[in-house]
Asker: 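Have a look at the structure that comes next, please.
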Amino acid sequence: MSPELTDSLQDSIALITSRDSDNSRFGTGFVFRQRQDAAYLLTCAHVVRDVGGDRQVMVDGMAATVVSSGESDGIDLAVLRVEGLWGKPPLPLRFDSSKGLTFITAGFQRFTKEERLIQPLQGTLGDQVGLQSKQPNQRISAWYLQIAEDYALKDGYSGSPVVDEATGDVIGIISHRQGDKAGLAVSSEALNAIWKIIDREQLYEILLKLGYRRQVRLFRQLVSQHAVAGFLIHGAPEHGQAWLLNRLVREYVDYNITGKKIRIDLARKVRRSDVSALWRELGRQVGLRRGQPELSEVIKRVYRAWQTQNVLLIIHDVNVLREDWLQDLIENFWAPLTSEIRDARADDHKYRLLMFLIDYDGCTGDWQVPLVEKLDLSWKPELPVRSPKLSAFTPDELERWVDDQYKALPSDITHAVDDVVDSILENTDDGIPERVLEELCDYCGWDWYEVSDQWLTL
């Protein structure tokens, strides 16, 4: 056995006992998730029953909450939540394996009347079998275990992780022993039956349904009626400006890999004292790479691109501009461009031209620039639309979202909605959107900063 892997395994397991001092039963569990406020452990449902049930469970001497159990369905797994169980690294789960694989495990066995001994074991996987649950057409995979000759499987190993010695992944959870040298392990994939495991794309689709109703409604109205339009997204820092941009394009724009994306990050390209840098960057994005381009030539290049493909013009950090520079951008670039396109009967054209202006500190909400906030029959594309200022997520928005996405969300979000919403608001300065998204990703087992890099591509 690898000493490093054995040490890591022992660091991740925990002793499960009863609050009742007269109950001496015990078992093993292991951490498979760590959140900011709690650790989540996997064990056997019969271990929870043996120590006295939901209200009696202790993990390493700390009170635990049973957030999910398969006992009523005949699935011998349970998920426990423990606040303050720091320092135990989560073990990765894997849902496939094969007969003959060498595994290691570690669990607790009785040493003295009051003490429990941690003993690592080694063995090989035997045949894969099926365990019929109480639900129709639901069969859980399990593995026979063969323990190596130098070791013995004792009482207390129920709930111990079966770890692939080659990779360190948990492939099963020990549920029964058959003498000292054999046992049965429920496959890790059975966790799916009692605990919703959300993959990255599922989580993205779920989060896209949260909040921003007024901004989405206005944008949907805009693009359903017009092929050419500008749209300002603005709000205080961390209010999800880039998130909303990607959501709007993903859900409501016929943009695909044949479209042209013109992206400008003003915070890196434009100094407040030099508006010419904005025109140079616009020119560079459309292929005018030398000198100070004429705006008329920039307009011509964008117009030509629109004639053959969808064009998204995305200008991040317009808040670094001076107010009069944004006015110049609208009046001297956007208005002439859209007028030329309108003369070409843009509404009959199959391609879109959309300009997004993204303000990350909310200053443009008070600027006196040529923007409109409502659509009516007199509106023309020369005037970009200023969407409602982004605001914090409210308790009602979060509760409604949880109710709507109930079937897709993990049970530790849905089992006590009011408490969860209160906790989220407390941890996110009363609902600052990006912090809420980070918190929800954490609940679902994902790191916001990791997944957002893959989601926010515009």
Asker: Could you note down all residue pairs passing salt bridge (Lys or Arg N to Asp or Glu O under 4.0 Å) where residues 12-24 supplies at least one of them, sequence neighbours left out?
Answerer: none
Asker: Given K209 and D404, is the side-chain contact (heavy atoms from CB on, under 4.5 Å) satisfied, shown in steps?
Answerer: CA-CA 9 Å; K209 306 298 188 294; D404 290 344; over 6 Å; no
Asker: Which heavy atom in S387 sits nearest to a heavy atom in F231, and how many Å separate them?
Answerer: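 Reported closest heavy-atom pair: CB-CZ, 3.4 Å.
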Asker: Pairs under 3.5 angstrom only: tabulate donor-acceptor contacts from the side chains of residues 211-219 to other protein residues two or more places apart or in another chain.
Answerer:
| unit_1 | atom_1 | unit_2 | atom_2 | d |
| --- | --- | --- | --- | --- |
| Y212 | OH | H239 | O | 2.8 |
| Q215 | NE2 | P388 | O | 2.9 |

Asker: Any side-chain to backbone donor/acceptor pair from N319 onto A267? Under 3.5 Å, distance only.
Answerer: no
Asker: Rounded to the nearest 0.5 Å, how far apart are CG of D169 and OG of S188?
Answerer: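 Reported to 0.5 Å precision, the distance equals 8.5 Å.
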Asker: Taking atom CG of L398 and atom CG of L440, what is their separation to the nearest 0.5 Å?
Answerer: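 Spacing of CG (L398) from CG (L440) equals 7.0 Å.
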Asker: Between Q241 (side chain only) and G235 (backbone N and O only), is there a donor and an acceptor less than 3.5 Å apart?
Answerer: yes
Asker: If you apply the rule side-chain contact (heavy atoms from CB on, under 4.5 Å), what do you find for L313 with V302, and how did you get there?
Answerer: CA-CA 9 Å; L313 175 59; V302 177; 5.9 Å; no
Asker: One pair to check against side-chain contact (heavy atoms from CB on, under 4.5 Å): R200 and W446. What are the steps and the verdict?
Answerer: CA-CA 8 Å; R200 188 178 66 224; W446 291 92; 4.0 Å; yes
Asker: Under the salt bridge (Lys or Arg N to Asp or Glu O under 4.0 Å) rule, what pairs show up with a residue in residues 68-90, not counting sequence neighbours?
Answerer: D37-R81, R49-E71, D60-K88, R81-E83
Asker: Over all heavy atoms of both residues, which pair between P161 and L9 is shortest? Give the atoms and the distance, please.
Answerer: CG-CD1, 3.4 Å
Asker: Kindly state each residue pair satisfying salt bridge (Lys or Arg N to Asp or Glu O under 4.0 Å) with at least one member in residues 230-241, sequence neighbours excluded.
Answerer: E238-R435
Asker: Return the CG to CD1 distance between D359 and I315, rounded to the nearest 0.5 Å.
Answerer: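 It is 12.5 Å, given to the nearest 0.5 Å.
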Asker: Locate the shortest heavy-atom distance separating F30 from V170; write the atom from each residue and the value.
Answerer: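 Of all heavy-atom pairs spanning F30 and V170, the closest is CZ-CG1, 3.8 Å.
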Asker: Taking K99 for the side chain and L125 for the main chain, is one N or O donor matched with an acceptor at less than 3.5 Å?
Answerer: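 Judged by distance alone, no pair lies under 3.5 Å.
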Asker: Do you know the tightest heavy-atom contact between Y151 and P120?
Answerer: CD2-O, 3.6 Å
Asker: Looking only at heavy atoms, what is the nearest atom pair of L409 and K196, with distance?
Answerer: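 Nearest pair, atom of L409 first, then K196: O-CD, 2.9 Å.
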Asker: Going from CD1 on I413 to CD1 on I198, what distance comes out if it is rounded to the nearest 0.5 angstrom?
Answerer: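 It is 6.5 Å, given to the nearest 0.5 Å.
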Asker: Is there a side-chain contact between E205 and L208 (heavy atoms, below 4.5 Å)?
Answerer: yes
Asker: Looking at residues at least two apart in the chain, or sitting in another chain, which of them share a side chain to side chain contact (heavy atoms under 4.5 Å, CB included) with D155?
Answerer: R177
Asker: Within this structure, what is the CG-OH distance for the pair N246 and Y204, rounded to the nearest 0.5 Å?
Answerer: 5.0 Å
Asker: Any non-hydrogen side-chain atom of Y360 less than 4.5 Å from a side-chain atom of V320?
Answerer: no
Asker: What's the spacing between I118 CD1 and Q109 CD if we round to 0.5 Å?
Answerer: 10.5 Å
Asker: What are the two closest non-hydrogen atoms of E397 and A392, and how far apart are they?
Answerer: OE1-O, 3.8 Å
Asker: Is the side chain of S133 donor-acceptor paired with the backbone N or O of Q138 at a distance under 3.5 Å, no angle test?
Answerer: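 Judged by distance alone, yes, a pair lies under 3.5 Å.
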Asker: How about Y144: does its OH atom have over 12 heavy atoms from other parts shown lying under 6.0 Å from it?
Answerer: no
Asker: Go through H316 and L266 one step at a time and tell me if the side-chain contact (heavy atoms from CB on, under 4.5 Å) criterion holds.
Answerer: CA-CA 6 Å; H316 289 278; L266 296 180; over 6 Å; no
Asker: Using the benzene-type ring in the case of Trp, are the ring centres of F103 and W143 under 6.0 Å apart?
Answerer: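 When the ring centroids of F103 and W143 are compared, they turn out to be at least 6.0 Å apart.
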Asker: For the pair R33 (side chain) and Y443 (backbone), establish whether a donor and an acceptor sit closer than 3.5 Å, ignoring hydrogens and angles.
Answerer: yes
Asker: Against the six-membered ring of Y40, is R35 placed for a cation-pi contact (under 6.0 Å from the centre, within 45° of the normal)?
Answerer: no
Asker: For E426, what residues pass the side chain to side chain donor-acceptor pair (under 3.5 Å) criterion, not counting sequence neighbours?
Answerer: none
Asker: Stepwise, does the salt bridge (charged side-chain N to carboxylate O under 4.0 Å, His left out) test hold for D164 with R94?
Answerer: CA-CA 9 Å; D164 181 346; R94 196 178 81 227; 3.0 Å; yes
Asker: When you measure from the side chain of S175 to the backbone N and O of L184, does any donor-acceptor pair fall under 3.5 Å?
Answerer: yes
Asker: Check this for me: R110, atom CZ, are more than 12 non-hydrogen atoms of other residues, nucleotides or ligands nearer than 6.0 Å?
Answerer: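 For R110, atom CZ is crowded (more than 12 foreign heavy atoms under 6.0 Å).
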Asker: Using a 3.5 Å distance criterion without hydrogens, assess whether the side chain of E434 forms a donor-acceptor pair with backbone atoms of G240.
Answerer: yes
